[in-house]
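Nothing here was measured: the structure is a model prediction, and the numbers come from that model. Hydrogens, waters and symmetry mates play no part in the numbers below; they use all other heavy atoms, side chains included. Remember, it's 1-based here, ligands and their atoms both numbered in the order they're listed.
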Amino acid sequence: MKKIMELGRRSFMKGVGLSALATAAGSTGANALGQSGGMSGGKGYDFDEVFVRQNSRKWIAAYNAYGKDNIDVAMGTADLDFKELPQVVEAMKQRAEYENYGYEPTPDSFYQSIIDWNRERYGQEVKKEWIRTSSALKPGMVSSMRGLNPYKGKVILLTPTYSGFRGAINKAGMRVEMSPMKRVNNRWTFDLEDLKNRLDYETKCVVLCNPNNPSGEFWSAEEMMGLGDVCIDHGATVLSDEIHCDFPNKGVKFIPYASLGEKYANTSITYRSPSKTFGQACLRVAYFFTQNEDLMNATMIGGGHEEGVNTFGVLAAETAFREGAQWIDDLNVYMNERFDYIVDYVNRPGEMPGVEFQKPDGLYLAWFDCNGLKEKVARPEQVRALHDKWRDEGNHRRVTPEMCMQEWIARNARIHLQPGSSYGIGAEGFMRMNIGVPHALLKKALDNWNAALKSLG
Ligand SMILES: Cc1ncc(COP(=O)(O)O)c(C=O)c1O
């Protein structure tokens with residue numbers, strides 16, 4: 001039985017690259033092959049093709065909020081509007097045709113592909129016995145939080161940071177405490193004095209977002225060691241979310257937290273996932289690792305973690321880790337160009353009044369300083385008016401100035417952005433735009449927004 005399964009699996013993986021590309025080339029020529037035609041600047045894949053994602057949560061959320069006819073570009077939830085790596089699609093098709101979907105073990109080759117990916121891209125050695133799987137990133141982190149702090153207590157976030165951490169902490173039954181970061185030279189960095197004051201006896205974990213969503217910092221070794229030393233002194237484990245690590249801009253290097261040295265590796269757990277890198281969020285595969293067996297036992301036993309990944313997700317992840325290096329390299333070239341495009345656009349005299357932008361170290365999220373716009377469309381009386389309108393409609397959500405801007409931008413520029421207030425204290429006046437979209441949509445979004453801003457006078 002094992003032999004048959006292994007044979008079957010090998011045929012899903014075997015030659016998938018070549019056959020997928022040959023099929024594409026045979027059908028519609030170079031562009032289906034993914035050969036970059038014009039502005040991508042990459043070497044192989046074409047990210048200019050507009051691919052309408054009818055099943056996308058990002059698009060559906062915007063349509064539900066504002067009506068399908070009123071939105072041109074949905075730029076909220078962090079996922080990609082590009083077609084999947086063709087080799088992944090081909091491997092999944094082949095697996096689907098193998099007519100049995102009963103229980104299967106997670107193959108060693110999947111773990112090996114994770115190990116190889118981390119060694120080849122980051123020089124990081126991860127051992128198989130350190131790795132556990134999870135259906136998404138957050139469930140693994142929730143299990144760690146539970147296991148590391150059986151008496152509950154609080155978990156510290158370095159804000160602004162990913163909004164979903166707050167839900168994860170609540171799910172683990174703990175309290176969120178925010179340590180707002182400092183903004184130095186238009187870049188956020190940890191406020192270690194503030195952090196020290198918050199690290200008390202009931203704080204067993206600090207969440208690090210490396211690199212940071214939404215503001216895009218790829219943390220330096222010095223920054224992270226400073227943070228790590230404070231956490232180690234206070235007996236707190238660093239939970240390092242590295243889900244966006246594969247998206248550095250040109251000239252930027254990703255430093256895994258656990259690669260900083262033995263003491264940092266021994267007091268941290270790293271969480272990763274192919275879901276952002278290869279746009280595989282619906283396939284439900286993530287993984288986490290630590291060299292410290294006690295931390296892993298706390299997560300697995302104390303936190304009651306249930307490993308749970310599905311065959312298609314595992315196959316997609318393994319195929320992407322094995323065959324997707326060029327794809328993500330090309331995508332990073334493309335994203336780097338998009339960031340440069342935005343910098344150029346925003347800094348042109350007279351364009352985008354009230355909005356400022358600094359190129360981040362990476363990710364595909366653009367973090368706009370909209371404090372100028374806030375003064376025009378999200379003054380206290382305007383926030384109050386939106387609050388009253390929503391209340392009268394039976395919507396009792398809290399309203400922030402950034403939500404007021406989100407509303408104004410959606411209604412006037414037909415684009416859906418995320419309000420900075422979602423990311424915690426320190427993000428006042430900021431808005432996040434997901435630019436993981438083809439250039440035509442990014443251009444449309446900026447043109448719409450620019451025209452709306454100018455109409456304010
Ligand atoms: C930093 C960060 N961590 C985790 C997640 C969510 O991951 P998952 O859906 O796998 O739990 C996201 C999604 O945007 C994210 O940006």
Side-chain angles (χ1 to χ4, degrees), residues 56-59 61 74-81 114 132-146 155 157-172 176 178 181 188 205-219 224 238-248 254 256-257 268-289 299 303 305-310 313-314 316-317 320 335 360-367 416-420 422-424 427 430 432-437:
S56 150
R57 192 199 284 179
K58 178 179 70 164
W59 285 86
M75 306 175 105
T77 307
D79 69 2
L80 300 170
D81 278 0
I114 293 173
R132 298 292 183 280
T133 60
S134 189
S135 61
L137 187 139
K138 286 192 294 289
M141 197 178 258
V142 168
S143 301
S144 300
M145 289 172 183
R146 275 200 194 115
V155 177
L157 297 179
L158 307 154
T159 61
T161 197
Y162 168 55
S163 48
F165 291 141
R166 301 216 299 277
I169 296 170
N170 290 333
K171 192 158 206 163
V176 177
M178 299 187 211
M181 293 192 277
W188 269 269
C205 354
V206 171
V207 178
L208 168 67
C209 195
N210 175 36
N212 197 43
N213 167 12
S215 49
E217 290 83 9
F218 273 58
W219 304 115
M224 288 191 288
V238 172
L239 308 182
S240 187
D241 175 330
E242 303 188 350
I243 199 168
H244 291 280
C245 70
D246 293 317
F247 291 95
F254 167 64
Y257 180 82
S268 66
I269 307 176
T270 298
Y271 305 82
R272 299 262 185 86
S273 171
S275 61
K276 298 286 170 208
T277 312
F278 296 106
Q280 298 180 349
C282 77
L283 294 171
R284 313 302 289 159
V285 169
Y287 67 98
F288 55 96
F289 60 88
T299 304
H305 183 70
E306 191 161 345
E307 292 194 271
V309 283
N310 79 72
V314 165
M335 284 299 130
D361 296 334
L363 282 68
Y364 53 84
L365 304 168
W367 186 230
H416 190 226
L417 308 186
Q418 296 283 81
S422 311
Y423 305 96
F430 278 77
R432 192 191 80 172
M433 175 189 275
N434 171 357
I435 64 160
V437 298

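The closest side-chain donor-acceptor pair between Thr77 and Asn434, if any, does not fall under 3.5 angstrom. Using a 3.5 Å distance cut-off with no hydrogens or angles, the side chains of Ser134 and Tyr271 do not pair a donor with an acceptor.
Applying the salt bridge (charged side-chain N to carboxylate O under 4.0 Å, His left out) rule to Arg272 yields the partners Glu242; only residues at least two apart in sequence or on another chain are considered. Residues meeting the ring-ring contact (aromatic ring centres under 6.0 Å, His included) test with Phe247, sequence neighbours left out: Tyr364. Partners of Phe254 under the ring-ring contact (aromatic ring centres under 6.0 Å, His included) rule, at least two apart in sequence or in another chain, are Tyr122.
Note that the CG atom of Leu137 and the OH atom of Tyr287 stand 10.5 Å from one another [nearest 0.5 Å].
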Tabulation required: pairs of a nitrogen or oxygen in ligand 1 and a protein nitrogen or oxygen under 3.5 Å; columns are atom names and distance to 0.1 Å; otherwise 'none'.
from	atom 1	to	atom 2	distance (Å)
ligand 1	3 (N)	Asp241	OD2	2.5
ligand 1	10 (O)	Leu137	N	2.7
ligand 1	11 (O)	Leu137	N	3.3
ligand 1	11 (O)	Lys138	N	3.0
ligand 1	11 (O)	Lys138	NZ	3.3
ligand 1	14 (O)	Lys276	NZ	2.7
ligand 1	16 (O)	Asn213	ND2	2.7
ligand 1	16 (O)	His244	NE2	2.8

